[in-house]
Amino acid sequence: ARYGPASEVPVELRGTGSCSRQVNNFAAADVFECDRLIAVEVITPGGNWSSFPPHKHDEHRAGEESVLEEIYYFEFAAHDGVPGLGYQRVSPSGQGRNTDVLAEVRDGDVVLVPDGWHGPSMAVPGHHMYYLNVMAGPDPERAWLISDHPDHAWIRGTWPARPVDARLPLYTAPSS
């Protein structure tokens, strides 16, 4: 174990428009040294989709895709005392167990992604969504290599022409 101050965590604004989200890369593959674990925090503004386009990382293809099982742990901002909620989609990729889930998620819920296309994670309007995203796998190289779902991969090509959601970043750590 080692301490790393929050002020040194790289913050990435990923996606654009309604696919914008903030990623706090505290243990991303290229940020923090460890054996197999990859972990990030994702903060998605209310009404936005994250983990979109749907993607997978359930087969080893050198330099293209790594095998990583994944866990999402969710929390939501309340609005006027009303608890938040969201939705998580996981669909079969033809690899592994052919997981097929559309889950309503609330504070403290966990979604396991052993295989398959996953995304989007959807935050309902008015409730910002946080999820701790933890991945690990057997590949010797600790890398987050993904394949976008072919039906939705085109969405990444639209991002350069669109602005990031102006609400982002939702949180930044104070300087140490």
Side-chain angles (χ1 to χ4, degrees), residues 4 9-45 48-76 86-105 108-123 129-160 162 164-165 168-169:
V9 171
V11 174
E12 172 188 2
L13 301 183
R14 191 177 294 168
T16 61
S18 61
C19 294
S20 299
R21 62 271 197 188
Q22 174 179 338
V23 182
N24 299 331
N25 289 306
F26 72 92
D30 55 350
V31 172
F32 183 83
E33 289 186 39
C34 51
D35 187 27
R36 299 265 197 282
L37 185 72
I38 297 171
V40 299
E41 296 174 308
V42 179
I43 303 171
T44 306
N48 284 11
W49 289 24
S50 61
S51 287
F52 197 79
H55 60 280
K56 71 180 189 79
H57 37 75
D58 59 7
E59 61 182 306
H60 178 78
R61 292 185 296 133
E64 295 180 38
E65 187 176 334
S66 49
V67 176
L68 296 166
E69 291 190 5
E70 190 164 9
I71 298 171
Y72 287 71
Y73 166 80
F74 292 92
E75 292 185 1
F76 294 87
Y87 295 89
Q88 173 70 43
R89 178 72 174 123
V90 182
S91 59
S93 67
Q95 305 297 320
R97 300 178 188 103
N98 288 317
T99 305
D100 195 355
V101 174
L102 175 58
E104 182 175 291
V105 290
D109 284 347
V110 173
V111 174
L112 304 176
V113 183
D115 58 73
W117 302 106
H118 46 288
S121 301
M122 298 162 270
M129 174 175 64
Y130 163 94
Y131 57 88
L132 175 64
N133 188 233
V134 181
M135 296 167 268
D139 289 348
E141 178 187 5
R142 180 176 167 257
W144 185 64
L145 300 174
I146 66 169
S147 296
D148 285 335
H149 193 291
D151 291 348
H152 305 284
W154 62 270
I155 194 74
R156 282 190 201 276
T158 69
W159 291 350
R162 300 177 63 200
V164 171
D165 189 314
L168 292 172

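Throughout, residue positions are numbered sequentially from 1 according to the sequence presented.
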Flag, side chain of His57 to backbone of Ser147, donor-acceptor distance under 3.5 Å: no

Ile38 to Ala28 - nearest heavy-atom pair and separation: CG2-CA, 4.2 Å

CD-CD distance between Gln22 and Glu12, expressed to the nearest 0.5 angstrom: 10.5 Å

Val105 vs Phe76, side chain to side chain contact (heavy atoms under 4.5 Å, CB included): CA-CA, chis, key distance, verdict: CA-CA 9 Å; Val105 290; Phe76 294 87; 3.8 Å; yes

Side chains of Ser20 and Leu13 in contact at under 4.5 Å (non-hydrogen atoms): no

Pairwise side-chain contact, Ile146 with His118, heavy-atom cut-off 4.5 Å (strictly under): no

Distance in Å, Glu41 CD paired with Glu75 CD, rounded so as to fall on 0.5 Å steps: 9.5 Å

Trp159 versus Thr16, closest heavy-atom pair with distance: CD1-OG1, 3.0 Å

Side-chain donor-acceptor pair present, His149, His55, cut-off under 3.5 Å: no

Minimal non-hydrogen separation, Ser93 against Asn98, with atom names: N-OD1, 4.1 Å

Min side-chain heavy-atom separation Asn133-Glu70 under 4.5 Å: yes

Check: Arg89 side chain, Val101 main-chain N or O, donor-acceptor pair, under 3.5 Å: yes

Parallel, tilted or perpendicular, as decided by the 30° and 60° cut-offs, for the rings of Tyr73 and Tyr130: perpendicular

Asp115 (side chain) donor-acceptor with Asp58 (main chain) under 3.5 angstrom: no

Atom of Ala39, atom of Phe26 and distance for their closest heavy-atom approach: CB-CZ, 3.6 Å

Heavy-atom check, side chain of Leu37 versus side chain of Val134, under 4.5 Å: yes

Minimum-distance pair of heavy atoms, taken over all atoms of Gly137 and Arg36: O-CD, 2.8 Å

Main-chain N/O of Ser121 paired with Ser51 side-chain donor or acceptor, under 3.5 Å: no

Pro53 side chain reached by Arg156 side chain, heavy atoms, under 4.5 Å: yes

Aromatic ring pairing Phe74/Tyr131, orientation class (parallel under 30°, perpendicular over 60°, tilted between): tilted

Ion pair Arg142/Asp30, N-O distance below 4.0 Å: no

CD-CG distance between Glu65 and Asp139, expressed to the nearest 0.5 angstrom: 9.5 Å

Side-chain donor or acceptor of Arg21 paired with backbone N/O of Cys19 under 3.5 Å: yes

Arg14 side, atom CZ; Thr44 side, atom OG1 - distance, nearest 0.5 Å: 10.5 Å

Closest contact, heavy atoms only, Trp117 versus Pro92: CD1-O, 3.0 Å

